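Every heavy atom of this structure was used, including side-chain atoms; hydrogens, water molecules and symmetry mates were not. This one's a predicted model, so the numbers in the text were calculated from it and none came from an experiment. Counting starts at 1 for both ligands and their atoms, in listed order.
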Amino acid sequence: MTKIVGLTGGIGSGKTTVARLFEALGVPIYIADEEAKTLMQNSKIIQQELIQLLGKSCYVDGQLNRSFIASKVFNDQSLLQKINAIVHPKVAEHFERWVSKQDAPYVIKEVAILFETKSQDQFDLIITVTAPTETRIQRVIDRDQKTKKDIESIIDNQLPESQKMSQSHFVIHNISLLETEINVQNIHEKILNKIKNS
Ligand code: ATP
């Protein structure tokens with residue numbers, strides 16, 4: 001049976017970058033946040049439930065109104081939890097269907113809040129990607145329209161990297177891209193060996 005490898009790490013650590021490196025080695029990858037966005041856009045059931053929770057403004061001309069939703073959940077953890085309770089089970093079902101169609105020794109599922117949601121048991125192995133906090137902040141500033149303060153408050157709400165690392169089978173310190181590529185290659189071989197010998 002296809003093994004499921006979780007890939008996680010804090011904001012800006014380089015999870016998606018690392019996932020794409022595994023993909024280049026032929027590993028099927030599932031980026032949970034991207035799939036959640038697609039489902040929020042396309043799933044009729046999610047649309048109905050979000051409209052019931054947040055009102056009609058969460059879609060404009062059939063398009064998900066991200067800024068409206070972001071403004072609603074800003075500083076409202078309980079509303080965010082309600083949205084997650086609508087979206088997460090649908091993503092989980094979608095992932096199950098996706099994984100059943102894969103024909104590979106293992107797949108990678110990227111989940112930003114893997115430990116925060118206590119989802120460790122869903123994975124055969126876990127990889128955590130890390131990078132120094134200042135590097136992560138600078139990467140996100142360069143990529144998104146977020147301020148340093150915004151990013152620091154996201155980091156404060158995530159589990160400390162040390163706790164993620166201590167609960168992972170593999171850790172990738174993603175600083176030099178070249179070294180990360182070599183690490184990915186090594187970890188890929190180790191995972192394949194583990195599966196062969198299990
Ligand atoms: P988020 O949690 O915000 O979605 P992430 O952990 O998935 O982020 P990426 O999107 O992979 O991180 O990387 C964040 C930014 O940093 C991207 O613009 C990416 O191109 C860049 N980046 C990632 N790794 C490196 C690296 N080793 N060297 C330079 N830039 C990098």
**Q** NZ/Lys190 to CG/Leu125 distance, rounded to the nearest 0.5 angstrom?
**A** 12.0 Å

**Q** Where is the nearest protein heavy atom to atom 10 (O) of ligand 1: which residue, which atom, and how far?
**A** Arg143 NH1, 2.8 Å

**Q** Could you tell me whether the side chains of Asn193 and Glu189 share a donor-acceptor contact shorter than 3.5 Å?
**A** no

**Q** Hey, does Leu177 sit under 4.0 Å from ligand 1 if you only count heavy atoms?
**A** yes

**Q** For ligand 1, is Ala112 a contact, meaning one of its heavy atoms is under 4.0 Å away?
**A** no

**Q** Closer than 4.0 Å to some heavy atom of Thr16 - which atoms of ligand 1 meet that?
**A** 7 (O), 11 (O)

**Q** Which class fits the ring pair His188 and Tyr106: parallel under 30°, tilted 30 to 60°, perpendicular over 60°?
**A** tilted

**Q** Just do the salt bridge (Lys or Arg N to Asp or Glu O under 4.0 Å) check on Lys37 and Glu34 with the steps written out, would you?
**A** CA-CA 5 Å; Lys37 281 181 195 154; Glu34 284 177 12; over 6 Å; no

**Q** For Glu179, look at atom CD and say whether over 12 heavy atoms of other residues, nucleotides or ligands are found less than 6.0 Å away.
**A** no

**Q** Looking at atom 15 (C) of ligand 1, what's its closest protein heavy atom, distance included?
**A** Arg139 CB, 3.9 Å

**Q** If you measure from NZ on Lys194 to NZ on Lys3, what distance do you get to the nearest 0.5 Å?
**A** 11.0 Å

**Q** Which option, Asn174, Ile175, Ile151, owns the non-hydrogen atom nearest atom 28 (N) of ligand 1?
**A** Ile175

**Q** Give the numbers and elements of all ligand 1 atoms closer than 4.0 Å to a heavy atom of Gly12.
**A** 1 (P), 2 (O), 3 (O), 6 (O), 8 (O)

**Q** Taking N or O atoms only and a 3.5 Å limit, does Gly14 qualify as a polar contact for ligand 1?
**A** yes

**Q** Around atom 11 (O) of ligand 1, find the nearest protein heavy atom and jot down its residue, atom name and distance.
**A** Thr17 OG1, 2.6 Å

**Q** If I compare all heavy atoms of Gln102 with all of Pro28, which pair ends up nearest, and what's the gap?
**A** OE1-CB, 3.5 Å

**Q** For Ile11, take its heavy atoms, then give the atoms of ligand 1 lying under 4.0 Å from any of them.
**A** 2 (O), 3 (O)

**Q** Using a 3.5 Å cut-off on N or O atoms only, is Lys15 in polar contact with ligand 1?
**A** yes

**Q** Specify the closest pair of heavy atoms between Gly62 and Gln41, including all atoms of both residues, with the distance to one decimal.
**A** O-NE2, 2.7 Å

**Q** At less than 4.0 angstrom from any non-hydrogen atom of Gly10, what atoms of ligand 1 do you find?
**A** 6 (O)

